[in-house]
Amino acid sequence: MEKDFQKLNNLAKTCVQSEAPHCVAACPMHVDIKALCRAVATGDFTAGRRLLEKTLPFAGLICRVCEAPCTGRCLRNTLDSSVQVRALERACMDRGGAPQTTGEWPEKQERVAVVGSGPAGLYAAATLLQKGYSVALFESADALGGSLRGDDRVRDVLAGELQAIATAQTMCNIVVGQDVSVDDLLGQFDAVCLCWGRGQGAEKPEDFDAFTFQHKEKKNLFCAGCMLGGNYTQAIYAAESGQRAARSIERVFQKVSVSAARTGEGVYDSKLYTNLAEEPSVQPLPLADDGTFSAGDAQSEAARCLQCQCLECTKNCTYLQHYKQYSGSAIRPIIKNINIMTGWGTRDANNFIYDCALCGLCGSCCPVDIDLGGVNLPAREFMWETHILPPAVHAFPLRDMEYSVDDMRLARNQQGFEQSRYALFTGCQLPASMPASVEKLYAHLAQSLDGGVGLLTGCCGAPAIWAGREEQAAAVRGTLRADWEALGRPELIVACPGCYKVLNETLPDIPLRFVAEVLAGHLPAGAGVAPGQYAYHDPCTSRHYAGLQQSGRQLAAACGAQVAELPQHREHTVCCGYGGLQYHVNQPLARKTTGARISQSPLPYVTSCSNCRDFFATGGKTCLHLLELVFGAEESKGSSPFAEIDFSKRRAQRRALNRRLLKAFWGETVREEDAGVTVIISDALREKLNRQHILEDDVVNTLQKAEASGRRMLEKATGHHVAYHREGYVTFWFEYTLEAGRVVLQNAYSHRMQIVEKV
Amino acid sequence: MEVVKTEPVDIRCELDDVDMVQKPVEVRYLGHTFPVELMSCPVCGQVYIPESLRNKMREVEETLENK
Ligand code: SF4
Ligand code: SF4
Ligand code: SF4
């Protein structure tokens, strides 16, 4: 596992969300352009000016002369045209109030000679002064400014801006190399930084380190600006090189490595991804003749900034939105959560780990393929193996799985056949939800396919997989494999996309066909009961199965349905709220997940998964199962909108279906078990039972025992009888009354703690 | 962790036909055992946990689950 943690850590590092926007990466000074645009967009030029003054010395000069490499890399370029950042900076400097001086460091004793007072020299000097060093600024002309002096754009502001280096000792009219040699300066000062023009002096660019600008032999000699050639002949690059050389000088003074840990200085490439697919084009505003914006125009222009970021995962996932996380940010807390030693802190991320739908959507949207489900699932497995995942968390769905496998499983050859060439595999939830459709489906397949169509129910083990219980999942698969072998290794016609995925991944030698494909080729006479328009919902389990996606649509079309696409479809489809057992561990969140999906189109939906159908129904959305297009939608007609998932009813439907199937296809009569007592349960209580994961079977069993043994209590104030019963990891409590020989349930609740009775 | 305790409730054990009384018992969860005081039958030992206590128990359960 240690190794896996390392792998996960590395995975987290590939997330691009913390990368700088491309404009910021291209800006040599890395001005926080996003924040600047945010401030200007709200008309807060003062905040904009403060922001510039913090990162950009001589901002009043730069906002006039900068070559603005940021705009060349602005992502808006691919839509219309880049954000005019420099004009926004200018607007802040013009409208953002009085300058604010930044605090200075305590005075230090080292002295530096800076040679040349163009952008590089000014930045070197300002950076050193700000850090408390003494600076002597040598200039061959009679005033400071270098190339800036002849520049009309800064004529009015140059003198004012130079106030920033007022504490430097200025040495004008001194030509270094003639009046004083570089070596003399090196003797007199603790460091020298050459910021003069090209071709001056004997030093060549290659004498200096290309990043730190330190002379390769004379360790206290540095250079910056034009003499480096290339980009450094442009003002903004020259300025940054001056700052960088100053930082190198400080490192020498502090006796630390000149080159270590200097990422983020200078221009770099950003890997940030931003999805522009939904972005409308907005044309830029024209500048006035003097290159400025009016306040209003500056605001509008700033609003064009896309505020570049990735967050593709969060934009698409309700669960990540709920937790205000993105996949890249979530990985480390997950590792910490499962790595913590028991008793050494709180596992804050438990619920986060349990709540993920494991649907894979984030992975399909992420530019670097981070699938958080692929982190949360092994986290659950690890937690289960190391006994830090409480069994009660997933007890309810797993109890349902056991019921499907142990009590409700059928594995039969078609009557009159010794072996099956095909077998219908229903999975566990489809028969619980749509028993009549299953019955019709099996009858139809048995009739239209040759060679014997067996019937296999039970479960694929998905709930155990999602709960992190691989051992239990393997046992379920073992049962399925044994059944399959007993039927003569038939090709399985899989009726549930979730089962298809699980079987395909875990039992690769079993031949599979998705039910929609089979039905499209053997459409029963009279299919096509529901012509009309539907939006096709791809179950999240079919995300990576193009064949399933296609055959579902084909079958719908063959039934006369007109199929529209939802905005997120096929590999980008969205979970219904059942995936990963989200509904079972966090119902309010699952409701949100369901709600997000059903609001994507006013059309009724059609899908290939009964769980999706049922979850959408809880949100009031009509969604037909493909089988209903083929065999008729009677089972949807009776249901009331917004009906809760009724687990007790689903159990009862399965039992009844098994009896009907055995009778109809194998001539066997199974008697209904006599529960002994009939319990009257109001609708409101029924809802409470479902919410609290209490089955009607639990009510009946408990009350039957209580009534038979007499072991019950009487709460005198209410007149309610009270009985309790422990089932697995839960204790159930029931209050009830006896009215004219009938048992009437009055209240029900449950807890996970176990009572140790003492006599 | 605070000791879980119920208010006295007027409740009768119908099996033994006696009034139940507050008695120390234990609850267990995830390997932890806590002493609690609950209405219990002095004869057969069956106990009563009212719904009002259930929410408090849930909090304790959650704390233990996140340990
Ligand atoms: S849109 Fe905004 S954040 Fe994105 S690159 Fe352009 S200026 Fe930078
Ligand atoms: S797997 Fe699904 S639910 Fe989990 S984080 Fe990814 S998109 Fe969200
Ligand atoms: S999609 Fe999410 S995890 Fe992937 S790079 Fe973007 S922010 Fe990071």
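Throughout, a chain's letter reflects where its sequence line sits, starting with A, and its residues are numbered from 1.
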Check whether any side-chain heavy atom of A:L389 lies under 4.5 Å from a side-chain heavy atom of A:H394, and answer yes or no. yes

Go through the structure and list residues passing salt bridge (charged side-chain N to carboxylate O under 4.0 Å, His left out) with A:D348, not counting sequence neighbours. none

Could you tell me which portion of A:A349 (side chain, backbone, both or neither) has an atom closer than 4.5 angstrom to a non-hydrogen atom of chain B? neither

Could you tell me which portion of B:M39 (side chain, backbone, both or neither) has an atom closer than 4.5 angstrom to a non-hydrogen atom of chain A? neither

Applying a strict 4.5 Å limit to non-hydrogen atoms, the region of B:D17 in contact with chain A is neither

Is it the backbone or the side chain of B:R12 that comes under 4.5 Å from a heavy atom of chain A, or both, or neither? both

Taking only heavy atoms into account, what residues of residues 682-692 of chain A are found under 4.5 Å from chain B? A:K688, A:Q692

The interface call for B:V9 against chain A, heavy-atom contacts under 4.5 Å, is side chain

Angle between ring planes, A:H584 versus A:H693, binned at 30° and 60°: parallel, tilted or perpendicular? tilted

Can you tell me which residue pairs pass the salt bridge (charged side-chain N to carboxylate O under 4.0 Å, His left out) test with a partner in residues 697-706 of chain A, sequence neighbours excluded? A:R399-A:D698, A:R651-A:D697, A:R655-A:D697

Can the ring centroids of A:H751 and B:Y29 be said to lie less than 6.0 angstrom from one another? no

Toward chain A, the part of B:R58 with a non-hydrogen atom under 4.5 Å: side chain

Could you go through A:Q746 and A:T737, starting from their C-alpha distance and side-chain angles, then the distance that decides it, and tell me whether this counts as side-chain hydrogen bond (donor to acceptor under 3.5 Å, both in side chains)? CA-CA 7 Å; A:Q746 299 293 350; A:T737 49; 2.7 Å; yes

Filtered by a 4.5 Å non-hydrogen cutoff, the part of residues 721-733 of chain A contacting chain B is A:H721, A:V722, A:Y724, A:W733

